[in-house]
Protein chains: 2
Amino acid sequence: MSAQRKDAVDAIIDQWAAVRPDLDTRAMEVFGRVYRLSRAMGDRVEKVYAPYGISRGEFDVLATLRRAGEPYTLSPRLLSSTLMLTTGGMTGRLDKLERAALLRRSPDPHDRRGLQVTLTEKGLAVIDEAVGAGLAAQTAALSALDDEQAGQLADLLRTLLAGTQDSAH
Amino acid sequence: MSAQRKDAVDAIIDQWAAVRPDLDTRAMEVFGRVYRLSRAMGDRVEKVYAPYGISRGEFDVLATLRRAGEPYTLSPRLLSSTLMLTTGGMTGRLDKLERAALLRRSPDPHDRRGLQVTLTEKGLAVIDEAVGAGLAAQTAALSALDDEQAGQLADLLRTLLAGTQDSAH
DNA sequence: GGAAAGTAGCTTAGGAGTAAGCTACTTTCC
DNA sequence: GGAAAGTAGCTTACTCCTAAGCTACTTTCC
């Protein structure tokens with residue numbers, strides 16, 4: 001806890017200590033804050049993307065296509081598994097993005113079951129601007145820590161995340 | 001990055017470096033992992049609560065009432081603001097929990113607009129078991145770190161979260 | 001080369017949240 | 001003490017997701 005002011009998570013832990021002193025709440029110190037941080041930054045980033053007419057989920061689709069490099073083409077199947085989304089959910093996102101002319105669907109020439117999804121000019125322009133704005137918001141939030149602390153935090157999170165994935169089944 | 005194996009977030013950062021070398025992606029090292037960790041642990045904890053017949057959101061309602069101490073009574077208004085939920089969303093959660101007989105709604109004796117929500121015997125028993133099971137799952141995940149690292153991580157997250165709240169408007 | 005198994009994307013039904021608007025009640029303030 | 005403003009909880013319409021099931025096509029394997 002060091003010399004820091006108590007935050008909302010500390011307050012919750014204190015409440016539990018009062019009514020259930022038998023509980024080991026140390027894991028809450030970490031995960032309680034992870035949940036809150038995820039939600040708070042998620043909401044903030046959502047607002048940053050809004051002027052571009054896209055939601056966070058739609059940003060993720062465009063960003064995945066952008067990262068793939070030219071010709072900015074992937075299958076719906078790959079997109080939905082990368083983004084951990086059901087195929088039904090991906091159909092909906094692609095419908096919306098296609099309606100906004102940010103991407104287009106075309107038949108896969110090698111597999112007649114499949115489609116190809118490709119970023120349009122407009123989609124490329126939107127994601128290239130939005131990704132910068134989103135990163136700027138996250139960088140600003142991270143400035144609460146100095147470079148060494150940020151590096152430490154990233155390393156600790158990597159270790160924790162790796163452990164989490166391993167025991168997943 | 002120290003001497004760790006690359007993870008999925010590192011892979012994404014490498015992809016961005018290849019197609020957009022101008023971007024400063026350091027904030028992703030932290031927030032990318034925060035998002036993933038939040039989702040992964042959220043999913044896992046959801047499975048832990050399932051045998052008790054409650055979702056994560058419903059757990060949060062019961063836990064908030066439990067932490068309040070006897071007589072385990074709060075208003076819907078306080079619950080929805082504490083859990084950052086609209087009143088409509090809270091109405092739905094309370095409906096479900098009341099149907100399952102885990103809590104009961106009664107008129108507020110001091111304010112005829114308002115209600116009181118109170119944990120039932122059954123609700124108290126359920127939350128007292130579920131909270132232990134949820135903490136056990138989180139403690140197990142945290143065992144990827146030693147005690148010192150876990151403490152460091154909690155401190156860094158507290159600082160980052162405090163900074164995030166401040167600049168929220 | 002033809003049956004069986006697998007895979008791709010879409011559709012439908014249902015769950016849980018938000019935003020906005022409603023009624024009922026309470027507080028404020030002249 | 002009565003009008004205006006504020007607050008509590010619910011309802012409705014809508015969004016976006018999942019789970020399950022569908023058709024169409026491809027791969028596997030005898």
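Here is the naming used below: chain letters follow the sequence lines, and residue numbers restart at 1 for every chain. No hydrogens, no waters, no symmetry mates; every other heavy atom, side chains included, goes into these values.
Under the 3.5 Å distance criterion, the side-chain polar atoms of A/Glu46 are matched with a main-chain donor or acceptor of A/Arg56. In this structure a side-chain-to-backbone donor-acceptor pair under 3.5 Å is present from B/Gln149 to B/Asp146. With hydrogens and angles ignored, the 3.5 Å screen pairs no side-chain donor or acceptor of B/Ser38 with any backbone N or O of B/Val34.
In DNA chain C, consecutive stretches of 3 or more Watson-Crick or G-U wobble pairs with both distances under 3.5 Å are given as paired ranges: C:1-30 with D:1-30.
We find that B/Arg33 and B/Asp10 are joined by a salt bridge, their nearest charged nitrogen and carboxylate oxygen being less than 4.0 Å apart.
Hydrophobic clustering (ILVMFWY, side-chain heavy atoms < 4.5 Å, transitive): B/Val45 and A/Met84 are in distinct clusters. In the hydrophobic cluster analysis, where Ile, Leu, Val, Met, Phe, Trp and Tyr join through side-chain heavy atoms closer than 4.5 angstrom, B/Leu115 is grouped apart from B/Leu79.
Within the 4.5 Å cutoff, side-chain heavy atoms of B/Leu153 are placed close to those of A/Leu153.
No option in A/Leu97, A/Ile127, A/Val117 other than A/Leu97 meets the side chain to side chain contact (heavy atoms under 4.5 Å, CB included) test with A/Val61.
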Identify each atom pair where a protein N or O and an N or O of nucleotides 20-27 of chain C are less than 3.5 Å apart, giving names and distance.
residue: C/dT26; atom: OP1; partner: B/Arg112; partner atom: N; Å: 3.2

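Taking a 4.0 Å limit (strictly below) on heavy-atom distances, residues 49-86 of chain B reaches DNA chain C at B/Met84, B/Leu85, B/Thr86. Contacts between residues 90-105 of chain A and DNA chain C, defined by a heavy-atom separation below 4.0 Å, involve A/Thr91, A/Arg105, listed by number.
Applying the salt bridge (Lys or Arg N to Asp or Glu O under 4.0 Å) rule to A/Arg20 yields the partners A/Asp22, B/Asp128; only residues at least two apart in sequence or on another chain are considered. Partners of A/Arg105 by salt bridge (Lys or Arg N to Asp or Glu O under 4.0 Å), not counting sequence neighbours, listed by chain and number: A/Asp95, A/Glu98.
The two residues B/Thr120 and B/Ala101 have their closest heavy-atom pair at OG1-O, 2.7 Å.
Between the CG atom of B/Asp14 and the OG1 atom of B/Thr25 there is a distance of 8.5 Å, given to the nearest 0.5 Å.
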